[in-house]
Structure formats: C-alpha cells, structure tokens
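For reference, the structure is listed below as structure tokens.
Reminder, nothing fancy here: chain letters follow the sequence lines and each chain counts from 1.
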Number of protein chains: 2
Amino acid sequence: MSEQQAESLRERKKRRTRQSIIDVAHALFHDNDYDTTTVEAIAAGAEVSVRTFFRYFANKEEVALAPLDEMGELTLAALRRRPADEPPLTALRAAVLDAWTIMSPDGESLRHYTDHLLPIGKASALAGAVQNRVVALGDRFALEFVEGDDAGGPQPRTDLHASLAAFAFLAAVQVAVRAWCASDSNDPADLVATALTCLDSLVVERNSAHRA
Amino acid sequence: MSEQQAESLRERKKRRTRQSIIDVAHALFHDNDYDTTTVEAIAAGAEVSVRTFFRYFANKEEVALAPLDEMGELTLAALRRRPADEPPLTALRAAVLDAWTIMSPDGESLRHYTDHLLPIGKASALAGAVQNRVVALGDRFALEFVEGDDAGGPQPRTDLHASLAAFAFLAAVQVAVRAWCASDSNDPADLVATALTCLDSLVVERNSAHRA
DNA sequence: GGAATATATGGCACGAACTGCCACATGGCA
DNA sequence: TGCCATGTGGCAGTTCGTGCCATATATTCC
C-alpha cells in the first residue's frame, strides 16, 4: 500500500504551483472582489507569468471555482459508493451527506469549503460559471443511474428519469446553498440542516402537487 | 381603447434599432457561430456603432438571449393569470403550457422561438448566461407564491418551499429542452411532449424515492 | 418658426481577458 | 555529459466592454 511516490519532481512542482495560484487567488478574492482582482495580480502573487496562469487555468472563473469542483468530485465519488439498487434521490441525498461528512469529521474541513462558498455566491459574475458546473455535474450524476440500471441500452425514458432526478436534486441543493448564503449564518451546520430541509421538502411538495 | 399611439418618434426609432440589432445578430449567429461573430459585425449589420450596440445591450449574451427572456416574461405573465390557491407545481405546469400555446395558436410562433433555441443550446459559451436567466426567473416565480400566500410576512420555510417548487420545475423544463436539443427532432410539438413527460415524471420519480 | 433643452449617437482611448507564436530554461533519461 | 520532452516567459494581437467628450437629432417652450 505504498503511496504513489512515483510523483516526479516536475509533477510536484506543478502541483505546488497550481495550489499556490489557487491560494493567492482566493486570498485576493477575499480581500477585494472577484471582478476587481486581475489575473495579473494573481499571477504576480503566485510568482508566475500571466501566460503561465492561463496554462494552469483556462480562465479566471476556473481558479475561483476550483473548490466547488473538488466538492463535486467528492460527491460523485460518494454516489458511486452507494448500493446500485438504491433509488436515485435516496442515493443522492446520502451521497452529499457522505461527502460533507467526509470533509468535516471535525467540522473544520467543511468550513474551509463553506468559506469559499460565500464569496462565490456574492460574485454575480460567477453565477453563470457556477451553473455550468452544476449542469456538467448533473449529467455525470445521471450517467451513473443509466449505467447502473439493468437495461443495456440507454432508453430515452430512462435517460429522462435519471436526468430529472439528478437535476431536481441539484436544484434543491442550490436552493439550500443560496438560502444559506443569503442568511447571516456562516455556520456549516446550518447549511447541512437547510439542505436536508430542502431535500425533504422536495418530496412533500411534489406529493401535494400530485394530489391537487 | 386607443393603442398607446403616444409613442414618440424617438421611441419608435429606438424600438426599430433594437429589433434590427436582434435580427442581424441572430442571422449572424445562425450563419456562423455565436463565438465567432463579433460585436463589430453585428453593429455594422445593424448600421450602428459598436458603442451604440453596448447602449442597447449590456453584452453580447444579452442580445443572443433576448428571445429567451421574452419567453420567460410570457410564462411569468401566464403564471399570474392562474388562480391564487393553485398548488405551485400545478400552476407552473399550466403556465408554461399557456405560454407555449399563446405563442403558437398556429404552431408557427412557437417554432419561431424554438428556432432560436437550438443555436443557443449549441453555443457552450452561452450556457452560463442561460443559467443566469433561469435563476433570476426562478426567483421571480418563487416570489409569486410567497406573495400569493396567505401569510403576511415571508417565513423562511415558505420561502424555501416556494423556491424549491420553482427551481425543481425549471430543472424539469431544462431537462426537457436539453433532451429535445440533443435529439434530431426540430418539431416544437416534440418539445412540448417531452416537457410534459418530464413534469409528470417529476412526480412519479419523487414518489418512488419517497417510498424506498 | 426658432431658440433652449434633453437625449441619442459616434469616435477615441483605455483596461482586462485570452490566444498564438517563438525563444529559452528546466527536468528526465540514456 | 548530452539529447529530448516539457514547462515557462514575453510579446503582439484580438475581442469584449467602459468612460469621456463632441456632435447630431428629437422635444419643448416661447
């Protein structure tokens, strides 16, 4: 079980440079705004040229949303660990909880993530980019369900169902995150509570609409 | 009941200029891509300066998504016409159908809209902007429900419920639109059918997840 | 009708986000 | 040590988007 120590010097340097860019960028985003911080300033802080910055990140948004991507990957990994026969929404709900719990056995790692969340929520210029990630993530979630399904070929109806579950779920999480950002609380526990409320309300709301 | 003929010459000219920009822009988007068509080309086609273009539209995205905004307004107006005591999802479902039917008593107006939809769906650079509109629209939908509610002050739970309904609904519509764009059909009727399937599946899916 | 006023437009300079290209430096490997 | 792959920097150039000021066109008041 040796860690892959086969990480060459080159790769180590790249990893460090990348992390340095992320750290500097988020520090600047915190101090000033996302919009007002220039790529030039970030590059200078990380001691790389602007050209090199764009070799690590395709655009300014990407470095801002790196933590979000990380969380997405974590959730996807958690989803894959769920039993294959579990209903989509149940699995997704369990997956976020897993991901958030993994990040915060002590409650601190999740805070590290939520610390990035607020500035992202405030920066309206990032809203579009955030939604792009959400859509991409939703597609990957949906893919898990059609692949995990019994049918061999992806029938259109199955596809729709899987996408529906994924995107309704993501909508609920987003509503929760937005509500949490809008509130004056910065306690990660509140975020979890709000998310659970939303996910549960999803079911109730749906049923009442169905009955009406 | 005289039409407001009090539209001054200035306003008429502005309206014409605005429409001209939109028309030229979408024609160019259709011929080339969204990304490759420059604002300069659009402005030249509409016979205005680039500076004037940016007085009519804050950015290139805005002119591309003008038809989408129009559809959003139509749906919102249809929603307001629904009875106040109708459950959110029921009202929303009826509202889109109304909006789409209004646009297409003959089936042609809706086609005019769907014609714009495909290029928008293809242009990945627009995805973020699209999602921005969706979020803004979702908030306005949600506002209708908390305002129309019996309670005077907006309780947090009510807010969450209203947002949830709005965004789950929008998620379903988006899944349908995306599926329709991905399919080789360009028949508006198929879009309507897919949307209905999604909205119905939303309920079924939810129930099964609830039972599991 | 004509002067005073408001508003729309155009042109210019400028900042910031990216990109392509080429020269150079640095790490990996025989 | 020397060769090759790859990472880096600099520079010119394109596009989006904004502030500023001069000018042209509409509106209003006399």
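K14(B) places a side-chain heavy atom less than 4.5 Å from the side chain of Y56(B). Looking at I42(A) and V48(A), their side chains never come closer than 4.5 Å, going by heavy atoms from C-beta outward. Side-chain contact between D33(A) and F29(A) is absent, with no heavy atoms from C-beta onward closer than 4.5 Å.
Side-chain nitrogen and oxygen atoms of Y56(A) include none within less than 4.0 Å of the OP1 or OP2 phosphate oxygen of dG7(D). An OP1 or OP2 oxygen of dG7(D) is reached within less than 4.0 angstrom by no side-chain nitrogen or oxygen of T52(A). Residue S49(A) places none of its side-chain N or O atoms closer than 4.0 Å to OP1 or OP2 of dG10(D).
A straight line from CD of E7(B) to P of dA26(D) spans 14 Å, rounded to a whole angstrom. The separation between R18(B) atom CZ and dA8(C) atom C1' is 16 Å, rounded to whole Å. Between the CD atom of E47(B) and the P atom of dG11(C) there is a distance of 13 Å, rounded to whole Å. As a whole-Å value, the separation of F57(B) CZ from dA8(C) P is 15 Å. Nucleotide dA24(D) holds its C1' atom 16 Å from the NZ atom of K14(B), rounded to whole Å. Here dT6(D) presents its C1' atom at 18 Å from CZ of R15(A), a figure rounded to the nearest Å.
In the set dA26(D), dG28(C), dG11(C), dG28(C) carries the atom at the smallest distance from any side-chain atom of R10(A). Taking the side chain of K13(B) as heavy atoms from C-beta on, and the options dG9(D), dA26(D), dT27(D), the nearest nucleotide is dA26(D).
Remark: side-chain polar atoms of S20(B) are not paired, donor with acceptor, to backbone N or O of R16(B) under 3.5 angstrom.
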Readout for nucleotides 12-21 of chain C: B = base within 4.0 Å of protein heavy atom, S = sugar-phosphate only, - = neither; 5' to 3' it is B----SBBBB
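Minimum heavy-atom separation, F169(A) to R93(A): CE1-N, 4.0 Å. T194(B) and A179(B) make their closest contact through CG2-CB, 4.3 Å (heavy atoms, listed as atom of the first residue, atom of the second, distance).
Ring geometry, F57(A) versus F53(A): the interplanar angle falls from 30° to 60°, so the pair is classed tilted.
Residue R12(B) places no side-chain atom within donor-acceptor reach of the base of dA26(D), judged by atom type and a 3.5 Å distance cut-off alone.
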